[in-house]
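Below is one structure; the comments refer to it alone.
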Protein chains: 2
Amino acid sequence: MSTYKDLQRLTGLSLATISKYYNGRSVLAANARAIEEAAATLDFRPNTIARNLRSGRSRTVGVLLPDLNSSFYLSILAGIELRLRQRGVSMLICADHSAEGGVGDAVRELAGRMVDGVITVPTERAAPGLRELVARGTPIVMMDWIVEGLEADAVILDNQHAGAMAIQQLIDRGHRDIAYIGGNGSPTLIARGEGVRAQLALRGRPVREEYLAAPDLSVEGARAAMQRFLMLEDRPTAVFCATDLLSVGALIALNESGLRVPQDMSFIGFDMSSLARLTTPALDTISQRIDEIASTAADLMLARLGPHPSRDPITVTMSADYHAGGSVATLRERESV
Amino acid sequence: MSTYKDLQRLTGLSLATISKYYNGRSVLAANARAIEEAAATLDFRPNTIARNLRSGRSRTVGVLLPDLNSSFYLSILAGIELRLRQRGVSMLICADHSAEGGVGDAVRELAGRMVDGVITVPTERAAPGLRELVARGTPIVMMDWIVEGLEADAVILDNQHAGAMAIQQLIDRGHRDIAYIGGNGSPTLIARGEGVRAQLALRGRPVREEYLAAPDLSVEGARAAMQRFLMLEDRPTAVFCATDLLSVGALIALNESGLRVPQDMSFIGFDMSSLARLTTPALDTISQRIDEIASTAADLMLARLGPHPSRDPITVTMSADYHAGGSVATLRERESV
DNA sequence: CTGAAAGCGCTTACAG
DNA sequence: CTGAAAGCGCTTACAG
């Protein structure tokens, strides 16, 4: 790797002038050409690490996620990467691995690498570290759920509404015995569950505890939960799943059981994008516009890194969409809403 | 952020001693305790950037992928992240975005950030940059396909065999008119296609060009390709898809057509993991052990970063597995192999 | 516009 | 074991 010193040797210019050139400040045209020539000869590229150390900015944003095991997180990563790269900002990825425990403090790891900001789907575990970062003036953007009391921007889904929307649809189609596979692992899932329960109550449907499952957020967890529903004396006529992995697991159990969707069981999934069309009939799903969430989060961060960041934290709330498929059967006559 | 100087103020020790402590070299027990106390008070954490600059090692590995739009890449990321984090190595992610063009040279970006090594699913576009890195002595590990002439470790699939295996299965089950949705975008796909053609030829089955499609590597590309197959005068009795996205797209088109799998069309997909069980019947697939590929790649990299790297490049070739489902119909009597 | 000098926060020989 | 000094490759005021 060649350095400014090598350019200095070839051009006779000072380090300060070379630095100015590489920072886009004005330099005599002749000098600029000389630097470009020398750089081409040497195959020179400025050392980002040194730049960062001296300037105190790394043009790198940390992306901290609970794990990397769902397509939800992948889509988020892809969306953020695209937006940040357009603006010359790099991305350092950390998975929190809360489950494993003791993998070290991901947030402090990011801090030690001088990231200019952190975009995160936060976990309980990460919260204290995020507070420290905010105290130090590092901008944070939260996605998916909000750490209470953290002064930071956020992009979240109206999760209560997302949950309620699924139940409303099922009730409108005549369902009464509705099962729900959700979870208590995060405020996001709790809110979706609240939406479910509230809507059931509102429409006078029984909230039967044996129809509510909160398994591990995994394909196998949901598969087992669905299997339990299917063994009930009076099994539900419809099931709603609160995440993509849970949807996949529940559907696998349904397929294994030999029951048909929607004749024997109606189904509403969550966030399955193109997978919803993988089955016959296609699935009804509740879904978020993940690309929009990611790009909004990236934009909020870029604004914070820019010259005139706004003072107050901004929370963007997005609403989920209902994608109709053919996986919900209409029982009896359709109720009026 | 506090620094060594602050620790020096609180402990009276020299910077050299503090540095020794943080690099795990021996320090008097009393001094170690003093440093720990001061660090706790100050909430100190060594600045990784400064460390990197001075030591010339960043304990960061660049991960360079063509894009971030497939679950194949996500699984690879997840596997690598897990292994690297266990060893205290961070991961800087770049998507090459070859398609968009002009997004800047991802490889040089990584070089400027002083990554200790690069793990990559290479693209044509990245090849020259990777050569430069090798010339500079930066270790590279390639996954999925090999850039010819690059002195670097690699973990690849026996793609010819993967392609041949699918065709063999279909022929064994009595199929003759076999369609293939693949692509020419990468040596990986070309090799899978060669395996397909070779096996068809070997078993005396016609290689009909109208049964071969090489669409964009996208869900929509495969959907369109499948739709064209279905409009053929004598449509094929079976289709094999060479990637996960292509499989999803083809299956969507099949569902939309109203044809049943496997009665009207047999289907073999690629790399669908749990998605293969999403449908009734479950899908037959060819799949790679992605976790193993990722962890092998990470281990090869960690070995290169360790104290005694081997001299010669290592190529690990893995073989694909056949996962039986119920998406292949048996026509006529089963042939002997 | 340009250059000389100091310094970002560490690590690294080198003495002691 | 410890400490004083130089330096990693840049950027940043400050003069000129």
Side-chain angles (χ1 to χ4, degrees), chain A residues 1-35 38-39 42-60 88 90 108-116 136-138, chain B residues 1-35 38-39 42-60 88 90 108-116 136-138:
Chain A
M1 290 284 277
S2 42
T3 69
Y4 277 13
K5 278 192 183 160
D6 300 305
L7 293 181
Q8 185 173 38
R9 208 163 20 80
L10 293 197
T11 63
L13 293 165
S14 74
L15 301 178
T17 302
I18 298 169
S19 172
K20 279 188 66 182
Y21 172 78
Y22 279 107
N23 287 286
R25 302 205 280 126
S26 52
V27 166
L28 288 184
N31 291 339
R33 271 224 317 287
I35 293 172
L42 294 169
D43 192 28
F44 171 80
R45 178 181 178 94
N47 182 315
T48 309
I49 298 278
R51 264 179 140 146
N52 295 348
L53 177 59
R54 186 53 232 259
S55 67
R57 301 181 322 135
S58 62
R59 293 201 68 69
T60 301
S90 291
R108 309 198 70 203
E109 153 84 21
L110 290 173
R113 288 181 182 267
M114 293 181 70
V115 294
D116 293 339
R136 282 181 185 166
T138 306
Chain B
M1 290 287 275
S2 42
T3 69
Y4 278 11
K5 278 192 183 160
D6 300 305
L7 293 181
Q8 186 173 38
R9 209 164 20 80
L10 293 196
T11 63
L13 294 165
S14 74
L15 300 178
T17 302
I18 297 170
S19 172
K20 279 189 66 182
Y21 171 79
Y22 279 106
N23 287 286
R25 303 205 282 126
S26 52
V27 168
L28 288 185
N31 290 340
R33 272 225 316 288
I35 293 171
L42 295 168
D43 192 29
F44 171 80
R45 177 179 180 94
N47 182 315
T48 308
I49 298 278
R51 265 180 139 147
N52 296 349
L53 176 59
R54 187 53 233 257
S55 67
R57 301 182 323 135
S58 62
R59 293 201 67 70
T60 301
S90 292
R108 308 198 72 201
E109 153 84 21
L110 291 173
R113 289 182 181 267
M114 294 180 69
V115 294
D116 293 337
R136 282 180 185 166
T138 306

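Chain letters run A, B, ... following the sequence lines, proteins first and then strands; every chain starts at 1.
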Are there any protein N/O atoms within less than 3.5 Å of an N/O atom in nucleotides 4-7 of chain C, and if so, which ones and at what distance?
| from | atom 1 | to | atom 2 | distance (Å) |
| --- | --- | --- | --- | --- |
| C:dG7 | N2 | A:Arg54 | NH1 | 3.0 |
| C:dG7 | N3 | A:Arg54 | NH1 | 3.0 |

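- If you measure from atom CG of B:Leu53 to atom P of C:dT11, you get 11 Å, rounded to the nearest angstrom.
- Contact check, B:Ser55 against C:dT11: no side-chain N or O comes under 4.0 Å of OP1 or OP2.
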Which string of ( ) [ ] | and . matches DNA chain D, if you list each base 5' to 3' and count Watson-Crick or G-U pairs only when both distances are under 3.5 Å? |||.||||||||.|||
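- Note on residues 48-57 of chain A: no pairs pass salt bridge (Lys or Arg N to Asp or Glu O under 4.0 Å), not counting sequence neighbours.
- To the nearest 0.5 Å, atom CG of residue A:Leu13 and atom CG of residue A:Leu7 are 9.0 Å apart.
- The listed nucleotides are C:dT11, C:dG3, D:dG9; the one nearest the side chain of B:Tyr4 is C:dT11.
- Here A:Ser26 contributes atom OG and A:Lys20 contributes atom NZ; the two are 4.5 Å apart, rounded to the nearest 0.5 Å.
- Residues that satisfy the side chain to side chain contact (heavy atoms under 4.5 Å, CB included) test with A:Arg136, not counting sequence neighbours, are A:Ala111, A:Glu132, A:Thr138, B:Met1, B:Asp43.
- In this structure, the separation between CG on B:Asn52 and OG1 on A:Thr48 is 11.5 Å, given to the nearest 0.5 Å.
- Listed by residue number, B:Lys20, B:Ser26, B:Val27, B:Leu28 are the residues of residues 18-28 of chain B with a heavy-atom contact under 4.0 Å to DNA chain D.
- Per the geometry, CG belonging to B:Leu42 stands 15 Å off C1' belonging to C:dG9, to the nearest Å.
- Atom CZ in B:Arg51 sits roughly 19 Å away from atom P in D:dG9 (whole-Å rounding).
- Atom CD1 in A:Ile49 sits about 13 Å away from atom P in D:dT11, given to the nearest Å.
- With sequence neighbours excluded, no residue satisfies ring-ring contact (aromatic ring centres under 6.0 Å, His included) with B:Tyr21.
- Evaluation of the side chain to side chain contact (heavy atoms under 4.5 Å, CB included) rule for A:Ala34 yields A:Thr11 as partners, not counting sequence neighbours.
- To the nearest angstrom, C1' of C:dG3 lies 10 Å from CG of A:Leu13.
- A search for side chain to side chain contact (heavy atoms under 4.5 Å, CB included) contacts involving B:Ser14 returns B:Ala16, B:Thr17, not counting sequence neighbours.
- In this view, B:Thr60 and A:Arg113 satisfy the side chain to side chain donor-acceptor pair (under 3.5 Å) rule, not counting sequence neighbours.
- The distance between atom CE of B:Met114 and atom C1' of D:dC10, rounded to the nearest whole Å, is 12 Å.
- By the side chain to side chain contact (heavy atoms under 4.5 Å, CB included) test, A:Arg9 pairs with A:Asp6, sequence neighbours left out.
- Applying the salt bridge (charged side-chain N to carboxylate O under 4.0 Å, His left out) criterion to B:Arg33, with sequence neighbours excluded, gives no partner residue.
- For B:Phe44 and C:dG9, the CZ to P distance is 10 Å, given to the nearest whole Å.
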